[in-house]
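Computed from a predicted model, the values in this text were never measured in an experiment.
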There are 2 protein chains.
Amino acid sequence: MAKSHKTLRTPGLERALDRLEHLCRARGQRLTRQRRAVLSSLLSAGRALSAYELLERLRPEDAKSTPASVYRSLDFLMALGVVHRLESTRSFIACEHPETPHWVQFLICRRCGQVVEAEDERIAAATERLGQRLGFALDQRVVELTGVCEGCRGSAARH
Amino acid sequence: MAKSHKTLRTPGLERALDRLEHLCRARGQRLTRQRRAVLSSLLSAGRALSAYELLERLRPEDAKSTPASVYRSLDFLMALGVVHRLESTRSFIACEHPETPHWVQFLICRRCGQVVEAEDERIAAATERLGQRLGFALDQRVVELTGVCEGCRGSAARH
DNA sequence: GGGTATTTGATACAAAGTATCATTAAGCGG
DNA sequence: CCGCTTAATGATACTTTGTATCAAATACCC
């Protein structure tokens with residue numbers, strides 16, 4: 001079987017896939033074709049995709065993908081920290097800062113769908129503090145801020 | 001038709017329903033039997049319920065409830081700010097601070113399901129600031145912190 | 001109590017996510 | 001490169017969550 005499917009030679013994508021390989025190796029986990037494909041798809045989409053949108057994009061290359069298999073790959077990639085789920089839009093996005101294991105926040109434009117991943121120290125500290133104050137040992141923090149991005153506010157009228 | 005179904009005379013519940021009535025009146029919106037029932041159910045559950053759990057609790061009293069009607073009531077109550085949706089658990093909970101129109105955060109215990117609603121100034125300020133820094137005019141903020149509450153950490157072993 | 005706009009009921013459907021178990025393949029050791 | 005073993009996938013069916021549509025009912029104003 002040919003080795004390079006149609007891997008658009010985006011350097012960012014290459015780097016991300018290499019990183020994925022190293023992560024898997026380091027943790028003794030298997031890097032399968034589908035896991036690679038899911039991450040690639042999310043990266044080249046350049047936006048958040050629902051699991052079923054993702055499935056559609058995988059189908060042309062891999063006709064045997066199913067919802068279950070896509071969700072399994074997504075779960076795997078989320079456990080590695082290279083993919084995040086956006087709870088408020090029920091969609092998935094490739095992580096932009098996979099090097100740092102910090103907590104992230106998402107800003108979502110309700111007009112254009114753009115998602116910006118942030119890593120704000122102030123928010124991280126404040127949430128940790130709140131958890132402590134209320135006696136919670138936190139292990140997951142969903143911070144998703146929705147609004148209208150600068151571009152969308154400028155260009156279109158109020159609509 | 002009898003006026004008092006089985007309204008357990010919890011003072012908190014009474015107050016909440018009165019507040020709902022005032023809110024509706026003030027906004028010229030209709031307060032229907034189902035909307036009252038949905039809020040009552042959520043309040044007396046004392047925890048977050050999925051839309052379908054809620055439906056089951058309504059059915060004995062109101063056999064004609066359907067998913068659509070429950071979601072419609074929930075949407076209405078959320079627009080008034082007296083109910084919130086927990087995105088990370090796909091469930092709904094009655095608001096504890098409906099007087100103040102501030103942004104709230106939720107702490108969710110993954111062991112016992114307890115949900116604490118907080119209103120942390122520090123987090124509110126930090127998220128607003130982040131939005132400004134990145135050029136977003138925010139209109140919705142989902143902050144859901146999941147972990148293990150004090151009680152659950154103390155009582156059960158690590159499990 | 002009557003009129004009217006809003007809400008609900010009924011039905012059907014779409015979208016999102018999971019369980020199970022037989023089959024396949026990733027990655028190791030030789 | 002080859003087989004071995006374990007982990008992952010494929011296939012299928014199903015559960016949960018959420019919506020569209022339109023006729024019938026009802027909350028609220030007068």
Side-chain angles (χ1 to χ4, degrees), chain A residues 1-3 5 17 20-39 41-42 48-59 61-80 83-93, chain B residues 1-3 5 17 20-39 41-42 48-59 61-80 83-93:
Chain A
M1 231 165 259
K3 179 149 183 270
H5 316 266
L17 291 177
L20 174 59
E21 189 177 338
H22 291 141
L23 268 170
C24 287
R25 189 168 287 276
R27 295 173 161 222
Q29 309 221 257
R30 293 186 186 175
L31 178 48
T32 66
R33 201 156 46 85
Q34 196 175 189
R35 288 168 177 176
R36 244 191 304 261
V38 165
L39 183 58
S41 253
L42 275 180
L49 297 177
S50 78
Y52 283 75
E53 285 175 330
L54 189 47
L55 182 58
E56 279 171 31
R57 287 172 179 238
L58 294 174
R59 277 268 158 82
E61 302 276 315
D62 183 353
K64 295 170 299 187
S65 293
T66 64
S69 69
V70 168
Y71 278 104
R72 282 184 298 228
S73 293
L74 286 170
D75 287 345
F76 177 84
L77 296 170
M78 287 194 292
L80 287 188
V83 165
H84 296 296
R85 180 203 302 256
L86 296 178
E87 300 290 346
S88 48
T89 57
R90 268 141 266 184
S91 63
F92 301 86
I93 192 165
Chain B
M1 226 165 261
K3 178 148 184 273
H5 316 267
L17 291 178
L20 175 59
E21 189 177 337
H22 291 141
L23 268 170
C24 287
R25 190 168 287 276
R27 296 174 161 223
Q29 309 221 258
R30 292 187 186 174
L31 178 49
T32 65
R33 200 155 47 86
Q34 197 176 186
R35 289 169 178 175
R36 243 190 305 262
V38 166
L39 182 58
S41 252
L42 276 179
L49 297 177
S50 78
Y52 283 77
E53 286 175 330
L54 188 48
L55 181 58
E56 279 171 30
R57 288 171 178 238
L58 294 174
R59 276 268 158 83
E61 300 277 316
D62 181 355
K64 295 170 298 185
S65 293
T66 64
S69 69
V70 169
Y71 278 104
R72 283 186 297 226
S73 294
L74 286 170
D75 287 345
F76 177 84
L77 296 169
M78 287 194 293
L80 287 189
V83 165
H84 295 296
R85 177 204 303 257
L86 297 178
E87 299 291 345
S88 49
T89 56
R90 268 140 267 182
S91 63
F92 301 85
I93 192 165

Under a 4.0 Å heavy-atom criterion, the protein footprint on nucleotides 15-23 of chain C, written with B, S and -, is -BBBBB---
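- Distance, B:Gln34 CD to C:dA10 P: 11 Å, rounded to whole Å.
- B:Arg85 pairs by the salt bridge (charged side-chain N to carboxylate O under 4.0 Å, His left out) definition with B:Glu87, not counting sequence neighbours.
- The nearest whole Å value for the distance from the CZ atom in A:Arg27 to the P atom in D:dA7 is 16 Å.
- To the nearest angstrom, C1' of C:dG9 lies 13 Å from CG of B:Leu55.
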Apply the test side-chain contact (heavy atoms from CB on, under 4.5 Å) to residues A:Leu80 and A:Cys24: give CA-CA distance (whole Å), side-chain angles for both, the deciding distance (0.1 Å), then the verdict. CA-CA 8 Å; A:Leu80 287 188; A:Cys24 287; 4.0 Å; yes
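- Scanning for side chain to side chain contact (heavy atoms under 4.5 Å, CB included) contacts around A:Glu21 gives A:Arg25, A:Leu31, with sequence neighbours left out.
- Distance check, rounded to the nearest 0.5 Å: CG of A:Leu58 to NZ of A:Lys64 gives 13.0 Å.
- Separating the OG atom in B:Ser65 from the CG atom in B:Leu55 is a distance of 6.0 Å, to the nearest 0.5 Å.
- Distances shorter than 4.0 Å separate none of the side-chain N or O atoms of B:Thr66 from OP1 or OP2 on C:dG9.
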Nucleotides 26-30 of chain D: which of its N/O atoms have a protein N/O under 3.5 Å away?
residue, atom, partner, partner atom, Å
D:dA27, N3, B:Arg30, NH1, 3.4
D:dC28, OP1, B:Leu31, N, 2.7

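- A rotation axis mapping the C1' atoms of four pairs onto the next four is fitted at both ends of the helix from C:dG1-D:dC30 to C:dG30-D:dC1 over five pairs, and the angle between these axes is 50° to 10 degrees.
- For A:Ser41, there are no side chain to side chain donor-acceptor pair (under 3.5 Å) partners, not counting sequence neighbours.
- The distance from atom CD of A:Glu56 to atom C1' of C:dA14 is 13 Å, rounded to the nearest whole Å.
- Summarising the geometry, atom OG1 belonging to B:Thr66 is positioned 7.5 Å from atom CZ belonging to B:Arg59; distances are rounded to the nearest 0.5 Å.
- In this structure, CZ on B:Phe92 lies 10.5 Å from CG on B:Leu77, to the nearest 0.5 angstrom.
- Distance check: A:Leu17 CG to A:Arg35 CZ gives 14.0 Å after rounding to the nearest 0.5 Å.
- Atom OG of A:Ser69 is separated from atom CG of A:Asp62 by 7.5 Å, given to the nearest 0.5 angstrom.
- Results of the side-chain contact (heavy atoms from CB on, under 4.5 Å) test with A:Leu49 over A:Val38, A:Ile93, A:Leu42 single out A:Leu42 as the only residue that passes.
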